[in-house]
Amino acid sequence: MVSNTSIEPLENDQLIFQKTAPAELTVVLPTYNESENVPLVVELLDKALAGVVWEVIVVDDNSPDGTSQVTADIAQNDPRVRIIQRIGRRGLSGACIEGMLASSARYVAVMDADLQHDESLLPKMLDALRSQHYDICVASRHVEGGDVGTGLSSVRAWGSNLANNLARKFLKVELSDPMSGFFMLRRDKFVELAPNLSSQGFKIMLDIVASGKGALRIKELPFVFRERQHGESKLDTLVTMDYLGLLVSKVFNDVISVRFLMYSMVGGTGVVVHLIALKFLLILFALPFGVAQLFATFVAMTSNFFLNNRLTYRDRRLKGAAWIRGLFTFYVICSFGILANVGVAELIYTNKPVWWFAGAAGAIMGAVWNYVVSNALTWRKG
Ligand code: GDD
Ligand code: MN
């Protein structure tokens, strides 16, 4: 809806035509429902970055709480503040990438907009980069002097530890806090790596460092992760799967997309759901096998749809009527997927009767079909 409130014309003497010094540092703040926090963060940045020419770019995914408007209001009185309002898109990594690409400063930083990251670290990060000895500076919650504080629940802390160990083992990334979302780097280095980054997920810093393949000179600085004061965390436990997706995709050198990997992992859970449902239907309702198998297939498809909608396509999540429409297209697509699977397997088997080869080829064919078609139809863009 377009609002009718008229806008007061600016008086001439209110307009100051002045060329300001270009920013040396851009701070990118990704936001989703942070309207209460953004004004506080800007105030804190102003204090912490005294003596630095800086700007802030808030990248807001059209938050229902009006974060974009709140930011635009601040920007009316403060030209250091800019807003990128994204419509029809969701996702932390993508938001950070867009914000950094909108900068033309020498250095760019990414920081949470919820006051959990300690802004007083920014001048120290900037000094480290200005020394020319480092390309990226990461704020770490685990190096000596640092602390996870009380900002992270114990389950999250455990998951976080596990993720750190996996990153070290598989990506050969030597970071004490690879999950950190608080960092600063040279913009030229970022622009170089940007085409290789995944806009899916939330591990943007890890993605940057892993994509650098050991070439980035890293400085780590400790800080205490503060507790959230306003609003709530958007990262639920399901994002762990998203993290595993990034890990596997990087191990395979980006040949397989993170989205396809997530889709396949969901498919894997579908097999388990199917077998449990089948057993349940056979025992509890004593259904004939064919009927039980049919019902189990529907249970598994529904659970796959639900998980894909929550996870693989969290940035295009379907709701309400679109959810129901999506579910039905998904049933239809998967049914054809089964035909593709069986057809291909049979074709191969008649030419080369090796059961596991024909079986696997059919299953892969079915999975690729389901992915490509549901990507285009069920969760189509915009
Ligand atoms: N634009 C945009 N789009 N911003 C988002 C989205 C999104 O889909 N999801 C979250 N954000 C913003 C939040 O508004 C906040 O400013 C910041 O990203 C971090 O989100 P939180 O929801 O507060 O994350 P957290 O505190 O649970 O997680 C923190 O710790 C993780 C490690 O455990 C973050 O720093 C993560 O980056 C970090 O990996
Ligand atoms: Mn947070």
Side-chain angles (χ1 to χ4, degrees), residues 27-42 44-45 56-68 70-71 83-102 109-119 121 138-142 146-164 167 175-183 198-209 223-240 242-243 246-247 310-311 313-317:
V27 180
V28 173
L29 299 179
T31 58
Y32 194 74
N33 287 343
E34 306 287 2
S35 63
E36 285 182 281
N37 289 318
V38 168
L40 302 174
V41 178
V42 173
L44 291 174
L45 287 177
V56 60
I57 300 182
V58 173
V59 189
D60 182 55
D61 289 354
N62 209 22
S63 304
D65 80 342
T67 306
S68 287
V70 167
T71 309
I83 171 77
I84 297 178
Q85 182 174 2
R86 309 200 304 165
I87 296 182
R89 275 176 296 162
R90 267 304 296 277
L92 185 49
S93 286
C96 295
I97 292 171
E98 256 178 71
M100 287 190 273
L101 286 175
V110 170
M111 197 173 108
D112 287 359
D114 57 1
L115 309 170
Q116 291 198 277
H117 288 160
D118 180 2
E119 68 293 333
L121 215 61
V138 178
S140 168
R141 292 164 296 184
H142 296 288
D147 195 343
V148 286
T150 41
L152 217 61
S153 73
S154 60
V155 180
R156 280 282 294 271
W158 177 84
S160 179
N161 269 342
L162 177 71
N164 292 354
L175 282 169
S176 42
D177 188 7
M179 307 280 275
S180 174
F182 187 17
F183 58 97
S198 161
S199 57
Q200 264 279 102
F202 67 107
K203 295 287 139 234
I204 179 66
M205 191 277 294
L206 181 61
D207 197 2
I208 291 173
V209 173
F223 84 107
V224 180
F225 197 53
R226 291 192 291 232
E227 216 162 328
R228 205 182 234 281
Q229 306 294 338
H230 307 279
E232 52 191 39
S233 167
K234 283 95 210 169
L235 306 183
D236 47 34
T237 31
L238 282 176
V239 294
T240 345
D242 169 292
Y243 173 78
L246 175 67
L247 215 70
R310 281 294 311 249
L311 202 67
Y313 293 97
R314 60 192 349 240
D315 55 330
R316 305 183 203 163
R317 197 172 287 169

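Indexing begins at 1, ligand by ligand and atom by atom, following the structure's order.
Distances between N or O atoms of Ala95 and those of ligand 1 include no value under 3.5 Å. Of the N or O atoms in Ser180, none lie within a sub-3.5 Å distance of an N or O in ligand 1. Considering backbone and side-chain atoms alike, Arg90 places an N or O below 3.5 Å from some N or O of ligand 1.
The closest donor-acceptor contact from the side chain of Asn33 to the backbone of Asp65 lies under 3.5 Å. Of the possible polar contacts, one joining the Ser180 side chain to the Ala139 backbone as a donor-acceptor pair under 3.5 Å is found. Here the side chain of Asp60 pairs no donor or acceptor atom with the backbone of Ile83 at under 3.5 angstrom. In terms of modelled atom types and a separation under 3.5 Å, the side chain of Asp112 and the main chain of Asp114 share no donor-acceptor contact. A donor-acceptor contact shorter than 3.5 Å is absent between the side chain of Arg90 and the backbone of Tyr32. Although no hydrogens or angles enter the test, the distance criterion places no donor-acceptor pair under 3.5 Å between the side chain of Asp118 and the main chain of Val224.
The part of His117 lying near ligand 1 is the side chain, judged by heavy-atom distances below 4.0 Å. The proximity of Ala113 to ligand 1, defined as any non-hydrogen pair under 4.0 Å, involves the side chain as well as the backbone.
If you check each of Arg314, Arg226, Gln116, Arg228 against atom 21 (P) of ligand 1, the one with the closest non-hydrogen atom is Arg228. Taking only non-hydrogen atoms, the option from Leu92, Leu115, Asp315, Thr31 nearest to atom 18 (O) of ligand 1 is Leu92.
Between Met205 and Val110 there is no side-chain heavy-atom pair separated by less than 4.5 Å.
A donor-acceptor contact closer than 3.5 angstrom is absent between the side chains of Thr31 and Thr67.
When each atom of ligand 1 is checked for a heavy atom of Glu34 under 4.0 Å away, the hits are 13 (C), 14 (O), 15 (C), 16 (O). Atom numbering of ligand 1 starts at 1 in the shown order; those under 4.0 Å from a heavy atom of Asp61 are 1 (N), 2 (C), 3 (N), 7 (C), 8 (O). Contact atoms of ligand 1 toward Val59: 1 (N) (distance under 4.0 Å to a heavy atom of the residue). Remark: ligand 1 atoms within the under-4.0 Å shell around heavy atoms of Met179 are 32 (C), 38 (C), 39 (O). Counting atoms of ligand 1 from 1 in the listed order, those under 4.0 Å from a heavy atom of Asp112 are 16 (O), 17 (C), 19 (C), 29 (C), 34 (C), 35 (O).
For the ligand labelled ligand 1, residue Arg141 lies inside the 4.0 Å heavy-atom shell.
Shown here for His117 and Arg226, the closest heavy-atom pair between the two residues is O-NH2, 3.0 Å.
Vertex the Mn ion (ligand 2), arms ending at OE1 of Gln116 and OD2 of Asp114: the angle is 90° after rounding to 10 degrees.
Coordination check, Asp112 versus the Mn ion (ligand 2): failed, since every N/O/S atom of the residue sits at 2.8 Å or beyond.
Under the 30°/60° scheme for interplanar angles, the aromatic rings of Phe182 and Phe223 are found to stand perpendicular.
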